[in-house]
Amino acid sequence: MSGAPVAAETVESERLLLGLNPAQVEAVTAPDQPVLVLAGAGSGKTRVLTHRIAYLIATERAREDSVLAVTFTNKAAREMRSRLAALLGGEPRGMWLGTFHACSARMLRLRGELGGVPRDFVIYDEADRVSVIKEAMRRGGVEEKRTSAATVAAEISRAKNDLQDALLYGARAQGYVEVQVARVFPHYQLILEENRALDFDDLLLRAVQLLENSEEARQGFRRRFGHVLVDEYQDTNRAQYMLLRLLVEEHHRVTVVGDPDQSVYSWRGADIRNILEFQRDYPDALVIPLEQNYRSTAAILRAAGAVIQENSLRVEKSLWTDGPEGSPVTVAQFYDEREEATAVAREIMALVERGEAELGEVAVLYRTNAQSRSFEEVLLRAGIPYRLVGGVRFYQRKEVKDVLAYLRLLVYHQDRVAFERVVNVPRRGVGAQSLQQLVAASQELRVPFWELLSDPASAGVRGQAAAGMARFASTLEEVYEWGLSWPLVQVFDRLVEATGYRGFTRDGSPEGEERWANVMELRGLAAEQGDLPMAEALPAFLEQVALAGDGDQMEDGARAVTLITLHQVKGLEFPVVFVSGVEEGLLPHSRSLDTVAEMEEERRLLYVGMTRAKRLLYLSHCFQRHLYGSPKVAVPSRFLAALGSGGAVARWGTAPDRGGARPYVAPVASHGQPAPLMRARQFIDERAAAPGRSVPTEARFRAGDRVEHARFGKGSIALSEMTSGGEEVVIDFDTSGRRRFAVTDAVLRKLG
DNA sequence: AGGAACAGTTTTTTT
DNA sequence: AACTGTTCCT
């Protein structure tokens, strides 16, 4: 009788090891002790993590609800959850699986009062925080002209991630900037407190303080989490590191997975030493390197390895594959970012036409978000579908932030940042003057500002401003009262209507419709709260939104090219990868030239980008690039030197094609020295001499020709004419009407 | 109060 | 180039 379940359980756990290599098996089955998995790019780290969790459960060393699994992004958390669900045969129940920030927020909601954190705190995002910083600078008498709000914000963030609160920071402040910041910091905290708000960094800091200071909370969470697992451990900062230590100090059942070569978040306080010194922190640790790569071709791995090998601060580790050699890595130069984008778009379409790739398999990577622009313009014109990850993020759009501010005010009356944001949107005749008056009166009378709103006269506010405030207050109250018993979506609709926000946003312009579409998208997210009454649904919704961030809302697998930053692409993979702008000043970034550590992080960033590629990898740089609107000469990145001529092949010019490929040694600036202008001239000349440069003078199409367009499908040429820029055509599409294109940009195929 | 015109600044990466 | 804040005018 007792044999059967044991056998079943054995079979079950054995099944979890199928198809794993020896190192992976070792990591998955490792006993209850600290485990450090040094997982190279593409070595199956998520697999190891999820299988280990499932294995712990299958062998009854852990229960689903005693596991804490922490990731850095929501996306990674979701990925892990769904893969776990597949392994466990259902959604994990009671497991804590989320980002550091989400898990910390959850701890604070549960037990925060033990550490003096109000139960109903609001989470402030970057924009909210900047406006608080500015207010704090005014109060602290620090001029924005001398110390920018951004500097102060970054410094405070750094301090908190380093577990310094205002008091500690003030005591240690040294030098001009720190002293200035020390004058702002206490005011900043005070304002947050007045608004019952925590910023992102507070979530971590306060969670650590909670565990440190409250025996009850500490014991509670330690008992709760019998096993703790962490993804991307190389990116942990001091606060996150301490949080972990506090949680696992007694039982040491902690598994961390990471790759020092992919540590690219030091600017956010990540400390690579956390992973490098794991064995010192946990002397009984088991260290398991995963070096077999299942993602990339040998050619790509060799190139990436050559780049990363130049770093001095690393744990020696070399990836290998038993897969095919694959095509050589391509290094290419173009005239400027426009041509770079055009060439990339053409190459993408060439690959698609030859059946070598689908649009959804291609990613274009770049260092800075600003670079996405040229690609967007070209892809848009060419009608190639793309998805932009990050960029002007959904939650940062004005209209989305406005509506969220309204929603926040419904539950958190004390949220002055939200109030100031929307009290006069749409216009209600409330200006800076009357706002100041309101705040002053609120302090003088010791009455919270929101209680003065319904009777602004008592605060000394007069005229249309008073009327506007009163109207604002009564509208919100009305919606709130009415909404208490309704689902969130209904409240949402009523809110945008009653406040006049809908009419304000949809002003009849196309941009207005675009804005409204965003508001409606937000509404769709609110609708996910279902039929829960607003009182429950709204705080949950706001929390979800506050912690969401990045390109979370983007659906994967679309049949579209992906545009994404090198930071955001970490953890993803694509059959075809273009890394653009591999230039001095961009990669390495001009702000990272000061120290070796910064420089090496930049190199890791390129390494991360290169190792995303499965089959084809292109690295491109330009001769010239626009910065702040004006053109600047660009120099190939020093990182390209590592590639030498060993198998790397360049394609020159605007329209690279396989026939025109020729061997190429990347010209590289000696350390820190921009290449002389002579070098630049030579580039231009070579460019001019390169094939595919001249503007075609003969029309490819005639009226009546049948063509197929990458995006719009089949159609007939209605008109073709030659302009100074080349051929332009007007096409009547079978399904989508008439459109005009420049042939050089549009991706057209002649039919028949 | 609110708009227009102007000046100055910015762009590294994100939970 | 795009965005912010300031100043001046209505």
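Proteins come first, then strands; the chains are lettered A, B, ... in the order of their sequence lines, and each starts at number 1.
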**Prompt:** In terms of side-chain heavy atoms of A/Ala370, which of B/dT14, B/dT11, B/dT15 is nearest?
**Reply:**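 Of B/dT14, B/dT11, B/dT15, B/dT11 is nearest to the side chain of A/Ala370.
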
**Item:** A/Asn424 side-chain proximity, nearest of B/dT15, B/dG2, B/dT11
**Value:** B/dG2

**Prompt:** What's the verdict on side chain to side chain donor-acceptor pair (under 3.5 Å) for A/Tyr233 and A/Asp259, showing C-alpha distance, side-chain angles and the deciding distance?
**Reply:** CA-CA 8 Å; A/Tyr233 189 68; A/Asp259 179 2; over 6 Å; no

Nearest-Å distance, [atom1] ([X]) to [atom2] ([N])?
| X | N | atom1 | atom2 | value |
| --- | --- | --- | --- | --- |
| A/Tyr395 | B/dT14 | OH | C1' | 15 Å |
| A/His101 | B/dT15 | NE2 | P | 9 Å |
| A/Ile564 | B/dT14 | CD1 | C1' | 12 Å |
| A/Leu198 | B/dT15 | CG | C1' | 14 Å |
| A/Asp235 | B/dT14 | CG | P | 12 Å |
| A/Gln544 | B/dT15 | CD | P | 15 Å |
| A/Tyr366 | B/dT14 | OH | P | 9 Å |
| A/Asp125 | B/dT15 | CG | C1' | 11 Å |

Counting only side-chain nitrogens and oxygens, does [X] get under 4.0 Å of the OP1 or OP2 atom of [N]?
| X | N | value |
| --- | --- | --- |
| A/Asn369 | B/dT14 | yes |
| A/Thr73 | B/dT14 | no |
| A/Gln568 | B/dT13 | no |
| A/Arg427 | B/dG3 | yes |

**Complete:** Assign each of A/Ser148 and A/Phe200 the nucleotide of DNA chain B bearing its closest heavy atom; nearer the 5' end lies the nucleotide of A/Ser148

**Complete:** Comparing A/Arg268 with A/Gln433, nearest DNA chain B nucleotide closer to 5' gives the residue A/Gln433

Under the rule for side-chain contact (heavy atoms from CB on, under 4.5 Å), what residues qualify as partners of [X], not counting sequence neighbours?
| X | result |
| --- | --- |
| A/Val70 | A/Leu68, A/Phe100 |
| A/Glu310 | A/Arg603, A/Ala642 |
| A/Ser458 | A/Leu452, A/Asp455 |

At 4.0 Å (heavy atoms only), tell me whether [X] reaches a base, stays on the sugar-phosphate, or touches nothing.
| X | value |
| --- | --- |
| A/Val430 | sugar-phosphate |
| A/Ser590 | nothing |
| A/Phe72 | sugar-phosphate |

**Message:** Taking ring pair (Phe, Tyr, Trp, His ring centres under 6.0 Å) as the definition, give me every residue that meets it alongside A/His187, ordered by chain and number, with sequence neighbours left out.
**Reply:** none

**Request:** Considering only atom P, compute the distance from B/dT13 to C/dT4 and round it to an integer number of Å.
**Result:**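 It works out to 15 Å between them.
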
**Straight-line distance of A/Glu79 CD to A/Thr73 OG1, nearest 0.5 Å** =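 Rounded to the nearest 0.5 Å, the CD-OG1 separation comes out at 9.5 Å.
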
**Prompt:** Going 5' to 3' along nucleotides 1-10 of chain C, which nucleotides have protein heavy atoms under 4.0 Å from the base (write B), which only from the sugar-phosphate (write S), and which from neither (write -)?
**Reply:** BS-SS-----

**Item:** All salt bridge (charged side-chain N to carboxylate O under 4.0 Å, His left out) counterparts of A/Asp231, not counting sequence neighbours
**Value:**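 So A/Asp231 forms a salt bridge (charged side-chain N to carboxylate O under 4.0 Å, His left out) with A/Lys45.
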
**Prompt:** Would you say A/Trp267 stacks on B/dT13, if stacking means ring centres under 5.5 Å apart and planes within less than 30 degrees?
**Reply:** yes

**Message:** Quick test of your reading of the model: are A/Arg238 and A/Asp271 salt-bridged, counting only N-O distances below 4.0 Å?
**Reply:** no

